[in-house]
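Presented below is the structure to which this report refers.
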Protein chains: 2
Amino acid sequence: MNIGEAAKASGVSAKMIRHYESVGLLPPASRTEAGYRQYGEKDLRTLQFIRRSRDLGFSIEEIRSLVSLWQDRTRPSRQVKALAKQHLDFLDRKLAELQSMKHALAHLVSCCHGDERPDCPILEGLAGKES
Amino acid sequence: MNIGEAAKASGVSAKMIRHYESVGLLPPASRTEAGYRQYGEKDLRTLQFIRRSRDLGFSIEEIRSLVSLWQDRTRPSRQVKALAKQHLDFLDRKLAELQSMKHALAHLVSCCHGDERPDCPILEGLAGKES
DNA sequence: CTTGACCTTCCCATGGTTGGAAGGTCCATC
DNA sequence: GATGGACCTTCCAACCATGGGAAGGTCAAG
């Protein structure tokens, strides 16, 4: 299976597959005589694992850990759960940050007439006037 | 006022002040004979405007527009509101994305015992098994 | 005059991803 | 057997916002 097919089948772009290999997240793929990378079922499962991890927002380094835990059939699930919880906390912090941005901006927007007149509570708020 | 003082007073780092100037978000600061950048009250207000905009998550390009709207005392507030609403939509999309990550991950985490045993629904979920 | 805290410009790094250039390979069609 | 298009290879650069650090100049206090 060429890299393009592996990309389609896994949902990871060919560009990123090469990148993941270059940073050691994936083992070097075997090559044809012409130098084309070849992928099999096992590689595909790893690629899908990586894609799902990225879909949940894990960083490359976290995924590196996840993959190695995944491949160690004797790891305690405690370790995986700890890693996942840590990421959950990260997501919560990000969410809180975005929520507070959203609320502050929504407030300003709700104060603005949005018509032809130049008075604008949004700009006034950004300029520092207490709304 | 030197760049360091302006940085402290505005909450924008000296590094970023120089960067904003280099990308044209700020007009070139006046200089002392020795080449030190000098800032006055007006510059400070602009810096604070920029910092508040960044705190709300606006991009540099959006802030460029906001600043120019701010400095045009005859702009219709409609334009500002449109820009703000567009960013609000962006924030909503980001929030939804993070929420769905959070919920999916929280589900997996809640399924995992997190003890010494190797069975781990989190890894199984990432590997693609339906949970 | 020295010292330390500031300032200057310049280049590099981050993280995840994409784009493109320049060149090689594979396969089907003429 | 040549041609063309779709694939592959590597390498380099960009995005965004920010920070780190080097090498060197300046300022003010002791």
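Counting only distance, with no hydrogens or angles, the side chain of E62(B) and the backbone of S59(B) share a donor-acceptor pair below 3.5 Å. Without hydrogens or angle criteria, Q99(B) side chain to L95(A) main chain gives no donor-acceptor distance under 3.5 Å. Side-chain N or O atoms of D115(B) include one that pairs as donor or acceptor with a backbone N or O of R117(B) at under 3.5 Å. Formation of a donor-acceptor pair under 3.5 Å by the S10(A) side chain with backbone atoms of Q48(A) is not found in this model.
Put simply, S13(B) has no side-chain N or O that comes within less than 4.0 Å of OP1 or OP2 on dT18(D). For the pair R37(A) and dT9(D), the criterion of a side-chain N or O lying under 4.0 Å from OP1 or OP2 is met.
Minimum atom distance to the side chain of A34(B) is reached by dC27(D), of the listed dC8(D), dC27(D), dG21(D). In the set dG19(D), dG16(C), dT18(C), dG16(C) carries the atom at the smallest distance from any side-chain atom of S59(A). Of the candidate nucleotides dA17(D), dT18(C), dG24(C), dG24(C) has the atom nearest to the side chain of Y36(A). Comparing dC8(D), dG16(C), dT18(D) against the side chain of N2(A) picks out dC8(D) as the nearest. Listed candidates were dT9(D), dT17(C), dC27(D). Nearest to the side chain of Y20(A) is dT17(C). Closest to the side chain of R31(A), out of dG20(D), dT17(C), dT10(D), is dT10(D).
The shortest distance between side-chain heavy atoms of D119(B) and H113(B) does not fall below 4.5 Å.
R18(B) comes within contact range of at least one nucleobase, with a heavy-atom separation under 4.0 Å. The residue F58(A) sits apart from the nucleic acid: no heavy atom pair falls under 4.0 Å. Among the atoms of the strands shown, none is found under 4.0 Å from any heavy atom of T32(A).
I3(A) has its CD1 atom 15 Å from the C1' atom of dG24(C), to the nearest Å. Rounding to whole angstrom units, CD of residue Q38(B) and P of dC27(D) are separated by 10 Å. Rounded to a whole Å, the CD1 atom of I17(A) is 15 Å from the C1' atom of dG16(C). When the C1' atom of dA17(D) is taken as reference, atom CD of E97(A) falls 13 Å away, rounded to whole Å. Summarising the geometry, the separation between NE2 on H19(A) and P on dC12(D) is reported as 16 Å, rounded to the nearest angstrom. Counting to the nearest Å, the P atom of dG19(D) and the CE atom of M16(B) are 7 Å from each other. Atom-to-atom, CZ of R51(A) to C1' of dT17(C) comes out at 16 Å; the value is rounded to the nearest Å. Between M1(A) atom CE and dC26(C) atom C1' there is a gap of 18 Å when expressed in whole angstrom units.
No more than 12 heavy atoms of other residues, nucleotides or ligands sit less than 6.0 Å from atom CZ of R73(B).
With the nearest nucleotide of DNA chain D identified for both E61(B) and G35(A), G35(A) has the one nearer the 5' end.
Scanning atom types as modelled, one donor and one acceptor separated by under 3.5 angstrom connect the side chain of K15(B) and the base of dG21(D).
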